[in-house]
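As C-alpha cells, the structure follows; a few thoughts come after it.
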2 protein chains.
Amino acid sequence: MEVTGHMPPQDAPRTRSASIWDVARVAGVSQQTVSRVINGKARVSEATRARVLQVIAELGYRPNRLAQALAGGPVRSVTVLTSDTALYGAAATLRGMEEAARTAGFSVGISVLERGSGQADIALRLNRPGEAVMVIAFDDAGVRALRALPADVPVTAAVERRPDDGPDDPWQIWLDDRAAAAHATRYLLSLGHQTVHYVAIPSSTSALPQRTQGWQDALRAAGRPLPEPLPGGWSPRSGYLAVRSLLADRSVTAILCGNDDLALGVMRAAREAGRDIPGDLSVVGFDDSPPSAYLNPSLTTVRLDFEGLGRACFGLLHRRLDPQNAAAVPAWSEPELIVRESSGPAPS
Amino acid sequence: MEVTGHMPPQDAPRTRSASIWDVARVAGVSQQTVSRVINGKARVSEATRARVLQVIAELGYRPNRLAQALAGGPVRSVTVLTSDTALYGAAATLRGMEEAARTAGFSVGISVLERGSGQADIALRLNRPGEAVMVIAFDDAGVRALRALPADVPVTAAVERRPDDGPDDPWQIWLDDRAAAAHATRYLLSLGHQTVHYVAIPSSTSALPQRTQGWQDALRAAGRPLPEPLPGGWSPRSGYLAVRSLLADRSVTAILCGNDDLALGVMRAAREAGRDIPGDLSVVGFDDSPPSAYLNPSLTTVRLDFEGLGRACFGLLHRRLDPQNAAAVPAWSEPELIVRESSGPAPS
DNA sequence: GTAGGGTATGTTATCGATCACATTCTTTCT
DNA sequence: AGAAAGAATGTGATCGATAACATACCCTAC
C-alpha cells in the first residue's frame with residue numbers, strides 16, 4: 001500500500017515534533033485514517049488501527065489540540081471565569097471543576113475577574129468564539145461577567161442564587177444557602193437565644209442574598225426580633241469591624257456569619273470584648289473552610305459542598321456540549337450544619 | 001482600493017463570528033494588513049490603521065487565539081502545572097502567576113497534578129508541543145512533573161529548593177526558606193528556649209528540605225541539642241498527630257512548624273494536653289496564611305511572598321519566551337518573621 | 001454473473017490566523 | 001530626471017488537524 005498524492009510539501013524536519021502527516025507517512029496510510037484512529041469514531045480495520053497506534057507510540061506523536069479545535073473537532077476545553085480565588089468558596093469550586101474537566105479529558109483555562117473591573121472585555125479572554133465557559137458567580141463580579149458573555153458561548157455557572165426574574169436557567173446550579181442559613185438560625189434559637197444577629201457577606205445581586213433571607217425566614221417563623229443584618233466583607237478583618245461595637249451589648253448572644261472568615265474576625269472581637277465563646281456568645285460560620293475544625297474554639301458552621309458543586313457544574317457543561325455522550329451530572333451534597341465548640345446554650 | 005484576488009472561497013455566513021477575512025473585506029485591505037494592525041509590529045499607514053480598527057470595532061472582531069498560535073504567532077498562553085491547590089502556598093503562587101500572565105495578555109491553563117499520579121502523561125496535558133509551562137514544584141509531584149517535561153517546552157518553575165547537583169537552573173526560582181527557618185529558630189532560642197522542635201512538611205526531593213536544614217543550621221550554630229524532626233503532612237490533622245505524644249514532655253517548650261496548617265494542629269494538641277500557649281509552649285508557623293493573624297492565640301509565623309514568587313515566575317517565563325520585549329522580572333519580598341501571640345519567653 | 005450495500009480508506013476543502021516573499025508607491029539623493 | 005532606498009501593502013504557502021465527499025473493495029443475493 002503506497003500513499004502517493006496529496007502529501008505535505010516538505011518533510012517535517014527533525015526539529016519539529018511529529019504531526020499527523022508524519023504518522024500517516026510512516027504507517028503508510030492517509031492522515032484521515034490516522035485521525036480516525038485517534039478519535040475512534042469511524043471504523044478502521046483492526047490491522048490498520050494496530051499499525052497506526054504503533055507508529056504513534058514510536059514517534060511519540062501527540063495530537064495538537066489547537067489544530068483539532070481550529071478544524072472544528074469536538075470541544076475539549078473550558079475556560080473558568082472566577083473572582084478572587086483567595087476565597088474558600090471560589091477556590092474549592094474551581095478545584096471541583098478542574099478535577100472533573102481534567103478527568104473528562106478537557107483542558108482547563110482560568111481567568112480571574114478583578115473586583116470592579118469592567119465587563120466589556122470578557123469575551124476577549126476567551127481563546128476563540130464559541131469557547132466553552134464556566135462561571136463562578138458567587139459575587140457581583142461573577143454575575144456581571146455571566147451577563148456580559150456573548151449569547152453564542154456555551155456556558156454553565158455556579159451561582160449564589162437563582163435569578164429572581166424569569167424562569168430558572170437550566171444551566172445554572174447553586175447550593176441551597178437559604179435553607180441552610182435558616183437551619184443554622186433555628187439551631188441557635190433552639191439553644192435558647194432570643195434572637196440571632198447576622199454578619200452578611202456582600203451580595204452578588206441587588207436583591208437580598210440567600211443566606212440573609214434564610215436567616216430572616218427562621219427569625220420570622222419563630223416570631224423573634226429581626227435585627228438589621230451587619231454588612232461585612234469577605235475577610236476576617238471586616239467581620240471584626242462589623243461587630244466590634246455591637247459586642248458591648250450583652251444581650252447579643254448569638255451571631256451567624258456569612259462565612260467562616262467573618263466568624264474568625266467576630267471571634268477575635270469577642271475575645272477583645274471579654275465575651276466568652278460559647279459561654280457568653282455563640283458564633284456560627286458558613287462554608288466549613290479547612291481551618292474551622294481546628295480553631296480555638298472550633299467553629300460551628302455550615303458545611304457546603306463546593307467541590308461537588310464545581311464537579312456538577314462541569315457535568316452540566318459536558319451535557320450541554322455533548323448531550324449524547326456526556327455522563328450524568330454528578331450529585332452534590334446538601335448543606336450540613338456541623339456543630340462544634342463555638343456554639344452553646346444562651347447564657348441564663 | 002479594491003481587493004480582488006486571493007479571497008476565501010465563501011462568504012462567512014451570518015452565523016459565524018467575524019474572521020480576519022471579514023475585516024479585510026469590509027476595510028478594503030488584505031488580511032495581512034489586518035494582521036499587521038492587530039499585532040502592531042510592522043508599519044501601517046495611519047489612515048489604514050484607523051480604518052481597520054474601526055471595522056474591527058464595528059464587526060466586533062476578535063482574533064482567534066488558537067489560529068494565531070497554530071500559525072506560529074508569538075506565544076501568548078501558559079499552562080500551569082501544580083499539585084493540590086487546597087494548600088495555601090500553591091494557591092497563592094498560582095494567583096500571582098495568573099495575575100501576572102493575564103496582565104501581560106496571556107491566557108492561562110491549569111492542570112492539577114494528583115499526588116502520586118504517574119508522570120508519563122504530563123506532555124499530554126499540554127495543548128500543543130512547545131506550549132509554555134510554569135510548574136509549582138513545592139512537593140514531590142511537582143518536582144517529578146518538572147523532570148518529566150520534554151526538553152523542548154519552555155518552562156519556568158517555582159521550587160522549594162534549588163537542585164543540589166549541577167549548576168542552578170536559571171529558570172527556577174525559590175524563596176529562601178532555609179534562612180527564614182534559621183531566623184525563626186534563632187528567634188525562639190533568643191526567648192530562652194533550650195531547643196526547638198520541628199514538625200516537618202513532606203519533602204519535595206529525597207534530600208533534606210530547606211526548612212529543615214535552616215532549623216538545623218540555627219540549632220547547630222547555637223550548640224543546642226538537635227531533636228529528630230517530627231514527620232508531618234500538610235494538614236492540621238497531621239500536625240496534631242505528630243506532636244500529640246511529644247507534648248506530655250514538659251521540657252518541650254518551643255515548636256516550629258513547616259506550615260501554618262501544621263501549627264493549627266499543634267495548637268489543638270497543646271490545648272488538649274493542657275499546655276498554655278505561649279505560657280508553657282511557643283508555637284511558630286510558616287507561610288502566614290490568611291487565618292493566622294486571627295487565630296486564638298494569633299500565630300507567630302514566617303510570612304512568605306508566594307504571590308510575588310508567582311508573578312516573578314511568570315516574569316521569568318516571559319523573558320524566556322521573548323527576551324526582547326518582556327519587562328524585567330519583578331522582585332518579590334524576602335521572608336519575614338511576623339511575631340504574634342503564640343510565642344513567648346521560655347517558662348522558668 | 002452482476003447489481004446492491006456495506007466497509008475501509010483516500011482526496012480535497014476548510015478552520016483563522018502568521019510568515020516569507022513579492023510588488024507597488026513614495027521619497028530622497030545625485 | 002533617473003536610480004536607489006525605504007515605506008506600505010498584497011500574494012501564496014503553511015500550521016495541524018477535521019469534515020464532507022469520493023472511491024476502491026468485498027461479500028451477499030437473485
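Each chain gets a letter, A, B and so on, in the order the sequences are listed, and its residues count up from 1. Computed over heavy atoms, backbone and side chain alike; hydrogens, waters and symmetry mates excluded. This structure is a prediction, so every number in the text was calculated from the model and none was measured.
- With rounding to whole Å, B/Asp22 atom CG is found 10 Å from C/dC15 atom P.
- Counting to the nearest Å, the C1' atom of D/dA8 and the CZ atom of B/Arg51 are 12 Å from each other.
- In this structure, B/Arg43 places its CZ atom 22 Å from P of C/dT24, rounding to the nearest Å.
- The aromatic rings of B/His318 and B/Phe106 sit perpendicular to each other, their planes meeting at more than 60°, with 30° as the lower class boundary.
- Put simply, CG on A/Leu53 and CD on A/Glu58 are 11.5 Å apart, with the number rounded to the nearest 0.5 Å.
- Considering only side-chain N and O atoms, B/Thr33 lies under 4.0 angstrom from the phosphate OP1 or OP2 of D/dG10.
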Report, one line per pair, each donor and acceptor closer than 3.5 Å where one atom sits in a side chain of residues 70-80 of chain A; sequence neighbours left out.
residue, atom, partner, partner atom, Å
A/Ser77, OG, A/Glu131, OE1, 3.3
A/Thr79, OG1, A/Glu131, OE2, 2.7

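- Judged by distance alone, with hydrogens and angles left aside, the side-chain atoms of A/Arg51 form a donor-acceptor pair with the main-chain N or O of A/Ala27 at under 3.5 Å.
- In this entry the distance linking CD of B/Glu46 with C1' of D/dA7 reads 14 Å, nearest Å.
- Taken from CZ in A/Phe314 to CD in A/Glu98, the straight-line distance is 10.5 Å, to the nearest 0.5 Å.
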Between protein and nucleic acid, restricted to nucleotides 16-25 of chain D and to nitrogen or oxygen atoms under 3.5 Å apart, what atom pairs and distances do you find?
residue, atom, partner, partner atom, Å
D/dA17, OP1, A/Tyr61, OH, 2.9
D/dA17, OP1, A/Asn64, N, 2.6
D/dA17, OP2, A/Ile20, N, 2.4
D/dA17, O5', A/Tyr61, OH, 3.4
D/dT18, OP1, A/Asn39, OD1, 3.4
D/dT18, OP1, A/Asn39, ND2, 2.7
D/dT18, OP1, A/Gln68, NE2, 3.3
D/dT18, OP2, A/Ser35, OG, 2.3
D/dT18, O4, A/Gln31, NE2, 3.3
D/dA19, N7, A/Gln32, NE2, 3.2
D/dA19, N6, A/Gln32, NE2, 2.8

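- Contact check, B/Ser30 against D/dT11: no side-chain N or O comes under 4.0 Å of OP1 or OP2.
- A donor atom on one side chain and an acceptor atom on the other are found under 3.5 Å apart for B/Ser83 and B/Asp139.
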